[in-house]
Amino acid sequence: GDECGLIRGGCLQRFENGVIYYSSSGTFTLPNDVNAAYEGLQGQSGILGYPKARPVTSTANGGGTIYAFQSGSIYSSPAGAFPVFGSLESQYLARGGVAGNLGWPTSGRVCTPMDDCVQSFQLGTLKIDAISEFASPRQASLGPAIGPRSAESAPPGGASLPFRSATVYTYQLGTFAVYGVIRTEY
């Protein structure tokens, strides 16, 4: 049956081959492989938000389908279904997206303790500064979506992500990067 009362008034219904989502953005279907990638980022409560447009099929670089969300996209190709969001997606689209010099994603983003995040594509890799990405208010739910590296000093109900030059804390009041002597004292 329907699951309603989701964040921001949304609903969903699961079927054998996919899930239908309803929100203020409209009603959209995600096939199971795309939905698995979506739920891996906490679904409608996570960084991507709700689906916002009908899927777009492309034949570029081997072909696939692009699923647009409120704050990013999932790219589904023979390599799999992978989310691209935030400044990584901005860089990717600036390089032509699936038809550009990188082709389709071949992995999800991976963030390292060295203050960067990388994502692999058919023909290359993109890298961003993780601290600025995590500290951005638009990316407030990114911390738990990626997964905490340590919970030792996380606020109750939150998570912490230590990096070389800062620790990012996320909890009900938001996401914050703590640097320098304040980080040492905290």
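- By the 4.5 Å side-chain criterion applied to Ile, Leu, Val, Met, Phe, Trp and Tyr, Phe15 is assigned to a cluster that also includes Ile20.
- At a threshold of 4.5 Å between non-hydrogen side-chain atoms, the residues Tyr21 and Gln13 do not count as touching.
- Qualifying side chain to side chain contact (heavy atoms under 4.5 Å, CB included) partners for Arg8, counting only residues two or more places apart in sequence or in other chains: Tyr50, Gln70.
- The disulfide bond (SG atoms under 2.5 Å apart) analysis of residues 11-103, with sequence neighbours excluded, yields the pairs Cys4-Cys11.
- Under the 4.5 Å side-chain criterion, counting only non-hydrogen atoms from C-beta, Val19 is not in contact with Thr29.
- Ring centers of Phe28 and Tyr22: at least 6.0 Å apart, outside the cut-off.
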Between side-chain atoms of residues 51-58 and protein atoms elsewhere (two or more places apart, or another chain), which donor-acceptor pairs fall under 3.5 Å?
{"from": "Arg54", "atom 1": "NH1", "to": "Thr27", "atom 2": "O", "distance (Å)": "2.9"}
{"from": "Ser58", "atom 1": "OG", "to": "Ala60", "atom 2": "N", "distance (Å)": "3.1"}

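- Qualifying side chain to side chain donor-acceptor pair (under 3.5 Å) partners for Asp33, counting only residues two or more places apart in sequence or in other chains: Ser76.
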Would Gln119 and Ile128 count as a side chain to side chain contact (heavy atoms under 4.5 Å, CB included) here? Give the steps.
CA-CA 9 Å; Gln119 186 157 6; Ile128 59 158; over 6 Å; no
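- Under the side chain to side chain contact (heavy atoms under 4.5 Å, CB included) criterion, Asn17 pairs with no residue at all, not counting sequence neighbours.
- With sequence neighbours excluded, the residues forming a side chain to side chain donor-acceptor pair (under 3.5 Å) with Glu89 are Ser73, Tyr75, listed by chain and number.
- Remark: Ser77 engages no residue in a side chain to side chain donor-acceptor pair (under 3.5 Å) (not counting sequence neighbours).
- Applying the side chain to side chain donor-acceptor pair (under 3.5 Å) rule to Glu39 yields the partners Arg14, Asn35; only residues at least two apart in sequence or on another chain are considered.
- Hydrophobic clustering places Tyr38 together with Leu12 (ILVMFWY residues linked when any side-chain heavy atoms are closer than 4.5 Å, directly or through intermediates).
- Applying the side chain to side chain contact (heavy atoms under 4.5 Å, CB included) criterion to Asn61, with sequence neighbours excluded, gives Trp104, Gln122, Leu123.
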